[in-house]
Amino acid sequence: MPHSGLITLEQFIVDQQSLYKDAGGSLSRIFRSLELAAKVVNRDVRKAGLVDILGNHGSTNTHGEDQKKLDVIANDVFIAALSKSGEVSVIISEENDDPVFIEGCENEKYIIAIDPLDGSSNIDVNASIGTIFSIYRRSSVTQAPTAEDCMQKGKHQVAAGYIIYGSSTMLVYTTGLGVNGFTLDDSIQEFCLSHPNIQIPQNGKVFSVNEGNYADFPQGIRNYIDYCKVKDKETNRPYGARYIGSLIADFHRNLLKGGIFMYPATEKTPNGKLRLMYECNPMAFIVEQAGGMASTGQGRILDLVCTDLHQRAPIYIGSSNMVELCVNMLNESAVTAN
Ligand code: AHG
Ligand code: MN
Ligand code: MN
């Protein structure tokens with residue numbers, strides 16, 4: 001058996017393609033574009049402290065030149081690469097208020113949602129950041145695409161994944177046949193299979209939440225956070241608190257080690273903070289494929305109806321036993337309160 005590190009992403013995708021009955025190579029071409037964009041953004045992230053790409057979009061550098069924020073650069077790079085694939089008719093991006101319709105690709109069947117740079121508040125302090133992507137198929141390609149074509153439930157995703165620009169750069173994705181992770185080997189500039197068939201442990205020892213907002217959380221979530229901190233040998237409590245403030249980094253750690261990530265609704269933000277199309281849905285698809293769970297607190301994330309391309313959703317995601325207990329505590333306390 002060859003060393004798993006010798007299987008490149010490209011080879012892996014070609015091998016997997018034969019498992020689909022309508023495999024025409026379109027998805028492979030999209031992945032090739034995503035891979036290329038990921039390498040370009042990775043290069044820019046790696047030199048972010050050396051060249052003028054930190055700071056605010058719209059500000060000027062010492063030479064009086066416009067500075068570009070890294071998330072604007074990442075957005076431009078992913079949109080350009082995906083447009084060139086010739087397979088994508090629309091791109092939904094966190095950085096664009098309206099859907100980006102790709103000229104000349106009106107009849108192509110794929111729709112992509114992206115968060116080009118997730119965790120952007122961490123850029124300037126050199127902590128892990130990432131890119132999130134989600135792929136849908138249009139139900140019909142006889143007409144030019146509309147925004148409504150993009151408003152599909154998460155359960156209809158064809159593929160989803162993320163790139164984490166961390167201590168090493170990884171691409172993790174699913175097409176509904178499990179989850180696989182690839183690490184970028186800098187010396188050959190190839191993503192190589194390093195984490196085949198990722199399974200999230202059913203129980204974890206980590207809870208991830210912005211606890212600064214504790215006072216605003218629903219009572220059930222406060223109860224669950226308190227529960228995480230109680231000493232109990234049998235259930236390995238107290239759990240560790242780990243929160244970077246970069247969904248990708250928090251999610252990736254919990255996916256590999258087990259744990260729960262929460263971004264609850266509060267009275268001020270009844271839909272939480274994270275965006276359904278390019279944050280919650282792709283992560284939910286990945287976690288379910290890895291044997292975990294993702295809930296809004298009321299139901300499965302992947303069943304949520306999309307009414308606005310930039311809508312937000314509360315999210316509880318990670319190890320299945322932890323998410324189940326958290327959601328039960330949330331709902332029990334809601335019932336008692338009524
Ligand atoms: P983005 O950088 O794409 O705007 O996303 C930031 C998100 C997410 O990555 C993270 O989990 C969350 O914001 C952190 O929010 P708080 O600072 O409110 O905890
Ligand atoms: Mn984000
Ligand atoms: Mn972002």
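One-based numbering, in listed order, for ligands and for the atoms of each.
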> Which word best sums up how the rings of Tyr263 and Phe261 line up, parallel for under 30°, tilted for 30 to 60°, or perpendicular for over 60°?
Replying inline: tilted
> Should the pair Tyr227 and Tyr239 be assigned to parallel (<30°), tilted (30 to 60°) or perpendicular (>60°) ring geometry?
Replying inline: perpendicular
>> Using a 4.0 Å cut-off on heavy atoms, what residues surround ligand 1? Order them by chain and number.
In response: Glu94, Asp115, Leu117, Asp118, Gly119, Ser120, Asn210, Tyr243, Gly245, Ser246, Leu247, Phe261, Tyr263, Lys273, Leu274, Arg275, Glu279
> If you look at Asp118, which of its N/O/S atoms is nearest to the Mn ion (ligand 2)?
Replying inline: OD1
> To the nearest 10°, how many degrees is the angle Asp115 OD2 to the Mn ion (ligand 2) to Glu279 OE2?
Replying inline: 100°
> Is there a path from Val88 to Val41 through hydrophobic residues (I, L, V, M, F, W, Y) whose side chains come within less than 4.5 Å of each other?
Replying inline: yes
> Do Ile132 and Ile112 belong to the same hydrophobic cluster, where Ile, Leu, Val, Met, Phe, Trp and Tyr are linked whenever their side-chain heavy atoms lie under 4.5 Å apart, directly or via other members?
Replying inline: no
> Could you state the interatomic distance from CG (Asp216) to CG (Asn210), rounded to the nearest 0.5 Å?
Replying inline: 10.5 Å
>> Quick check for you: to the nearest 0.5 Å, what is the distance between His252 atom NE2 and Ile164 atom CD1?
In response: 5.0 Å
> Does atom CD of Gln189 have more than 12 heavy-atom neighbours from other groups under 6.0 Å away?
Replying inline: yes
>> Distance alone, cut at 3.5 Å: any donor-acceptor contact between the side chains of Ser320 and Glu324?
In response: no
> If you look at Glu94, which of its N/O/S atoms is nearest to the Mn ion (ligand 3)?
Replying inline: OE1
> Is the Mn ion (ligand 3) less than 2.8 Å from an N/O/S atom of Leu117, whether that atom is in the backbone or a side chain?
Replying inline: yes
